[in-house]
Amino acid sequence: MNWTARSLRSVWHPCTQMQLHEQLPLVALSHGQGAWLYDMQGVPYLDAISSWWVNLLGHAHPRINAAVKDQIDRLEHAMLAGFTHAPVVELSERLSALTGGVLGHCFYASDGASAVEIALKMSVHFWRNTGLPQKQEFVCVSSSYHGETLGALAVTDVPLFREAYGALLQGVHVVPSPDARSHAPSGDPAGAQKAAEQAAQHLEQLLQRRSNRIAAVILEPLVQCAAGMVMHHPSYVKRVRELCTQHQVHLICDEIAVGCGRTGTFFASEQAGIWPDFMCLSKGISGGYLPLSLVMTREAIYQAFYSPEVQRGFLHSHSYTGNPLACRAALATLDVLASDQVLQRNQRWSKAFTVRLAQALAPWQEADRIRHLRNCGMIWAFDVQVAEAERPAFARRFYAAALQAGVLLRPIGTTVYFMPPYILNEDETTWLLERTVVALKACSV
Ligand SMILES: *Cc1c(COP(=O)(O)O)cnc(C)c1O
């Protein structure tokens with residue numbers, strides 16, 4: 001039996017209706033190199049979504065490999081309670097420096113959902129420690145995604161999950177999304193700004209009514225990725241910051257997907273000129289090598305927990321908190337981003353790719369088969385017009401067609417998006433554009 005068949009018998013795959021694999025290919029990988037994944041037969045696939053948005057600098061990057069190999073001979077892991085080590089200290093210092101020292105304290109976990117849980121718990125515990133124990137409620141944005149453990153799922157507004165697991169979840173306030181598509185002229189900054197203003201007014205009304213009970217607002221700044229690369233104007237993030245400050249409510253920026261340069265700046269929040277009270281990072285922070293997440297927060301929040309009393313301290317731990325291998329992978333990732341001037345290169349690449357993509361898609365846009373072609377930093381997305389009956393199967397069909405054409409693309413609903421690693425060369429860029437066109441034609445878009 002081959003690896004695919006053995007996997008289908010023994011591995012329960014994530015985010016997958018297993019029965020669909022009776023028709024859909026399950027690809028057994030042999031290795032990865034740069035932007036490419038290779039299956040057991042040696043067939044290459046261009047990883048145009050950075051393996052679920054984590055792989056920033058390509059697979060098997062020589063400098064990240066070297067860092068992890070060096071660390072594994074020193075200290076592979078040790079508990080972070082009572083002990084510390086150079087990689088976790090250095091990473092905390094460097095990330096803090098990237099916020100100008102505003103978010104000077106880093107708390108570690110392993111996956112994104114845990115970072116969200118930590119931020120939610122810290123917020124409520126902060127209010128309790130400062131004499132406002134009734135502030136226990138959260139606000140999230142319509143269509144938000146913050147992870148799938150129960151706390152993170154509670155602030156995730158995806159109907160499918162709410163239907164299945166709603167009974168297990170704490171109630172939250174959901175405010176309208178500032179989705180830039182919701183306002184004409186769509187894609188135009190004026191329309192996007194109008195959508196931002198209107199969405200912020202809904203939040204303002206809620207906070208006026210309820211801020212004495214609300215601990216925090218959680219937000220994916222600039223792009224609600226899992227919602228289908230739903231983009232909004234930075235003025236929304238700025239306004240939410242103002243409202244949170246004014247109403248004594250924390251702002252949690254979930255930059256798990258949009259951080260680490262994905263939107264053009266290292267943190268998406270920078271484009272709004274703000275800092276949150278809690279910043280969640282994961283996904284790309286380790287270059288896509290090892291599970292690592294963290295929450296960065298301010299001095300005043302840290303101080304509210306600093307006390308001789310155990311119960312005032314933050315009560316949270318994971319076995320692999322601050323794993324040294326993962327921290328070394330993260331440090332190497334930050335090194336490469338800085339020394340190769342990756343974000344500066346991305347700016348040029350992004351501009352050129354936007355033009356070429358618009359050219360490649362022009363016939364479909366003119367025929368109104370593709371709408372809302374949009375871009376933010378190193379994220380591109382467009383919505384395919386699909387007949388009602390074909391909508392449920394579109395993502396699977398396109399995924400299979402793209403794989404067949406040699407590209408890993410995994411639409412969300414009828415939204416096709418690109419989230420490539422920051423390393424595509426000229427040939428790879430051309431391959432991506434050409435193969436996308438092939439996949440669109442194969443799906444008779
Ligand atoms: C992926 C994601 C998470 C959850 O991270 P996991 O590591 O999958 O638990 C949370 N928030 C956002 C915005 C994400 O994109």
Side-chain angles (χ1 to χ4, degrees), residues 46-50 53 143 177-196 222-234 258 262-264 346-420 424 426-445:
L46 186 77
D47 187 354
I49 58 167
S50 301
W53 324 342
S143 310
S177 165
D179 186 347
R181 292 170 303 184
S182 63
H183 241 280
S186 158
D188 185 85
Q193 212 157 351
K194 194 87 196 133
L222 302 191
V223 189
Q224 295 181 273
C225 296
M229 304 304 156
V230 174
M231 299 181 185
H232 57 255
H233 195 274
V258 295
R262 185 51 78 179
T263 65
N346 281 356
Q347 256 182 24
R348 297 189 295 274
W349 192 87
S350 172
K351 271 205 192 99
F353 186 73
T354 301
V355 172
R356 290 182 67 183
L357 182 62
Q359 279 164 358
L361 299 181
W364 284 281
Q365 286 191 286
E366 278 153 26
D368 200 30
R369 300 285 295 153
I370 280 176
R371 286 185 192 165
H372 303 303
L373 175 58
R374 53 197 182 272
N375 160 243
C376 178
M378 293 295 281
I379 306 172
W380 291 262
F382 54 87
D383 305 334
V384 178
Q385 300 306 111
V386 179
E388 198 59 39
E390 291 169 30
R391 288 175 73 89
F394 173 78
R396 298 198 284 282
R397 283 184 53 223
F398 187 90
Y399 166 77
L403 264 190
Q404 186 74 36
V407 189
L408 169 50
L409 286 170
R410 207 170 184 274
I412 299 169
T414 52
T415 298
V416 175
Y417 73 90
F418 306 98
M419 250 215 220
L424 296 194
E426 190 57 29
D427 288 348
E428 290 162 343
T429 307
T430 301
W431 174 279
L432 174 56
L433 289 164
E434 286 178 1
R435 300 304 158 124
T436 300
V437 165
V438 169
L440 282 169
K441 285 182 177 159
C443 291
S444 19
V445 170

V407 and its side chain to side chain contact (heavy atoms under 4.5 Å, CB included) partner, picked from L433, D47, V438, L432: L432
Contact summary for A180 and A195, nearest pair of heavy atoms: CA-CB, 4.4 Å
Can you find a pair of side-chain heavy atoms, one from F418 and one from L424, that are under 4.5 Å apart? no
Provide the closest heavy-atom pair for L409 versus Y417 in the form atom of the first, atom of the second, distance. CD2-O, 3.4 Å
Can you give me every donor-acceptor pair (side chain of residues 350-360, partner residue at least two apart or in another chain, under 3.5 Å) with its distance?
unit_1	atom_1	unit_2	atom_2	d
S350	OG	G377	O	2.8
T354	OG1	S350	O	2.7
T354	OG1	W380	NE1	2.9
R356	NH1	E426	OE2	3.1
R356	NH2	T430	OG1	2.9

Sorted by chain and residue number, the salt bridge (charged side-chain N to carboxylate O under 4.0 Å, His left out) partners of D427 (sequence neighbours excluded) come out as none
What side-chain donor-acceptor pairs closer than 3.5 Å can you find for residues 383-403, not counting sequence neighbours?
unit_1	atom_1	unit_2	atom_2	d
D383	OD1	R374	NH1	3.1
D383	OD1	R374	NH2	3.1
D383	OD1	T415	OG1	2.9
D383	OD2	R181	NH1	2.8
D383	OD2	R374	NH1	3.3
R397	NH2	C443	O	3.4

Let me confirm one number: the CE-CD1 distance from M419 to I49, rounded to the nearest 0.5 Å. 9.0 Å
Using side chain to side chain contact (heavy atoms under 4.5 Å, CB included) as the criterion, list what pairs up with T263, not counting sequence neighbours. L222, V223, V258, T265, A268, Q271, C376
H232: which residues meet the ring-ring contact (aromatic ring centres under 6.0 Å, His included) condition with it, sequence neighbours left out? Y236
Across all chains, not counting sequence neighbours, the side-chain hydrogen bond (donor to acceptor under 3.5 Å, both in side chains) partners of T414 are none
Under the 3.5 angstrom rule, does the side chain of N375 hit a backbone N or O of I379 as a donor-acceptor pair? yes
Specify the closest pair of heavy atoms between T429 and W349, including all atoms of both residues, with the distance to one decimal. OG1-NE1, 3.3 Å
Determine which pairs satisfy side chain to side chain donor-acceptor pair (under 3.5 Å) with at least one residue from residues 431-445, sequence neighbours left out, and list them in order. none
Might you confirm whether atom CD of Q365 has over 12 heavy atoms from other residues, nucleotides or ligands at distances under 6.0 Å? yes
E428: partners by side-chain hydrogen bond (donor to acceptor under 3.5 Å, both in side chains), with sequence neighbours left out: W36
Shortest non-hydrogen separation from W364 to L440 and the atoms involved: CZ2-CB, 3.9 Å
Report all side-chain donor-acceptor pairs from residues 224-231 shorter than 3.5 Å, counting only partners two or more places apart or in another chain.
unit_1	atom_1	unit_2	atom_2	d
Q224	OE1	S177	OG	2.8
Q224	NE2	S142	O	3.0

